[in-house]
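Some notes on the structure that comes next.
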Number of protein chains: 2
Amino acid sequence: MDETDELLAIRAAELYYEDAKTQEEIGAILHLTRWKVGRLLARARELGFIRIEIVHPRARRLSAERMLREKFGLKDAVVVQSEHRSAPEIQARVAQAAADYLTGMRPVPRTLGVSWGRTLQGVADCLRHGWATRVDVVQINGGVSLNRMAGTASATAVEIAHKGSGQATLLPSPAILEHLETKRAIERDRTVAQVLEKARAADAFLFSAGVADASSVHVDSGYITAADVDELVARGAVGDVLGRYIDAAGEIVDTQLDDRTVGLGLDEIRRAATSIAVIAGRPKHAVTKAVVTSGLCTVLVTDEESSAMLLSDQVAARVLNGGSRRVG
Amino acid sequence: MDETDELLAIRAAELYYEDAKTQEEIGAILHLTRWKVGRLLARARELGFIRIEIVHPRARRLSAERMLREKFGLKDAVVVQSEHRSAPEIQARVAQAAADYLTGMRPVPRTLGVSWGRTLQGVADCLRHGWATRVDVVQINGGVSLNRMAGTASATAVEIAHKGSGQATLLPSPAILEHLETKRAIERDRTVAQVLEKARAADAFLFSAGVADASSVHVDSGYITAADVDELVARGAVGDVLGRYIDAAGEIVDTQLDDRTVGLGLDEIRRAATSIAVIAGRPKHAVTKAVVTSGLCTVLVTDEESSAMLLSDQVAARVLNGGSRRVG
DNA sequence: TATCGGTTCGCTCACATGAGCAACATCTGG
DNA sequence: CCAGATGTTGCTCATGTGAGCGAACCGATA
């Protein structure tokens, strides 16, 4: 396309998009046939001169979603716009997007296994009353029931269930126990065992991931110490999923600690038909990468920046080209 | 439009604009009829959720141009995009736009009266060889021929003429003379008188405007002193057109100074069928306003920000509602 | 000058889309 | 509870638009 044509294309684009003229009219104005005008417009779009943006708090980025699905073999992906947004705003939008995703799921899951945390509480808050009818919500990992943040974990599950006019089944157990024996004992307890049984049978799972640093909820809740986290990080931990700390490859970092963690195991999540991960924000990039590349989720809800990170060539898609584990 | 519809509209817009799906396909996906989809899209556009931008150095803003034409009764207006651009970039684009405008003029002017200055030199540089055939270019005000910037004024006219394969007729006179008598004598000189005669008969005029401050070319060239400018500003001057200082209402500030200025008078410009003003940049907002509201130009080439200033309610359109002169 | 390869042109045809309209649902005030 | 007003829905039909296809064109080469 030469200089003159480019100018004409721009002129045509202005008349077409800004002045809402038909291609025929533009042809008359610029002394061209309407086909030439059509071709110029196609060229202008092709060369990226026309930029269409959807400006709305709930707008998503479909192209990124398609690429994420393809690269990582995800069943679905939801990417929210994050340009020029503050971190809390992004969290809010991702939560909203996750809520919208749940609401729009077909078939509607009858039993939903949920984790807990700030992110999931946000999702629960964004759900609308009547988002579903008769959902059974089951907690899939131990909660913060013993400490100062009492009730948080259960609140999330209860709210999700309530708004979907269904029932919540809580997991009455700490997240991580001090001794393996205690953990085994708790799991043998009939109530706990029944909940876990039900959790395993859930149609879909909903969870987030935490960063491996001293600000973690698990440190906050007293399940592990800041020193423990430092140790985990030293051994390669990038974050936790359902209270289980994983490295960049998605492998459990400390199997002994993992054995003392109550709830579904990560392999059980990996086997699920539908597991929705809601993770966003720059601090979580490393965990997000680990979750996605190690096949922990079939659906990812995240922000634009994280999606860009995942789509950059630096990130290998382990799920598809199974061999290479080098992901950092 | 309720909440649900708005969400659907956004979803539809994403599928339509980002995924290039047809309205029918979108209907299938969202379980709607294609008409509903069409209506939602129309609604989304109406509410401004869809923003289409033409990203190209030469892109213009047609809507602003239309409003300028209507508000000030201009024959034409050209507004270049200026968002996120530096001042020199904007100057360059405006010059390019003015050059494009000249090139595209129908009928092609046979005689073009031009002024001089940095802006017009920029326009001359942007013109392409062969932009016209046989244009007569006439200088319409006195130039900087006596001082260190010698040749600048003539260079502009000559370049425009040369690139339009025509001839330049220069005005061999200083811009402003010290004594009224000298000015009268010069104007009586046959060569000068002939040039002015030819200038008056030009089909179109092309000029810019200067800011009234010490950085002015006239101070630089020694025609007036910085003190003179301060005095002019104190008396209400906002800038100059063809070396003639005007106030916010477009009136000559100092008639004695004006009488010593060589070249066409502002009223002669006002009477012209086609007078193209090329003015851009924040420092020139005041002069731009004065030029446009006092009917000094029939065509305005400017940047987005200046156009926004002109279109703000603060600016009264004197040309149309003749009475009110309160423009500050 | 004749011929070739590639590009662009104007056109047909099928599909996508918006305007306009009647039927229907929903709200409102007597 | 009903009549009228208002808004919404699904449709027909005219118009707008893009894919595909020979014809024409252009520049290079033998």
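The sequence lines fix the lettering, A, B, ..., with proteins before strands; numbering per chain opens at 1. As the structure is a prediction and not an experimental result, all values here were calculated from the model.
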When rounded to whole Å, the CD1 to P distance for the pair A/I50 and D/dT17 reads 14 Å
Distance alone, cut at 3.5 Å: any donor-acceptor contact between the side chains of A/S306 and A/D303? yes
Selected nucleotide, minimal atom distance to A/R45 side chain, candidates C/dG18, D/dG18, C/dG20: D/dG18
In whole angstrom, give the distance that lies between atom CG of A/D5 and atom P of C/dT8. 8 Å
For B/R39 and C/dC21, give me the distance from atom CZ to atom C1', rounded to whole Å. 11 Å
Nearest-angstrom distance from the residue atom CH2 of A/W35 to P of D/dA23: 17 Å
Do the side chains of A/D100 and B/R11 get close enough for a salt bridge, i.e. N-O under 4.0 angstrom? no
Taking atom C1' of D/dG10 as reference, at what distance in whole Å does atom CG of B/L40 sit? 14 Å
Of the residues in residues 15-34 of chain B, which ones touch DNA chain D at a heavy-atom distance under 4.0 Å? B/T33
Do A/R66 and A/E70 meet the salt-bridge criterion of a basic N to acidic O distance under 4.0 Å? no
Give a yes or no on whether a salt bridge exists between A/K36 and A/D5, defined as a side-chain N under 4.0 angstrom from a carboxylate O. yes
Lys/Arg-Asp/Glu bridge criterion (N-O < 4.0 Å) met for A/R69, A/D76: yes
Please check the phosphate of C/dC9 (OP1 and OP2 only) for any side-chain N or O of A/K36 closer than 4.0 Å. yes
Cut-off 3.5 Å, side chains only: do B/E53 and B/Q81 have a donor facing an acceptor? no
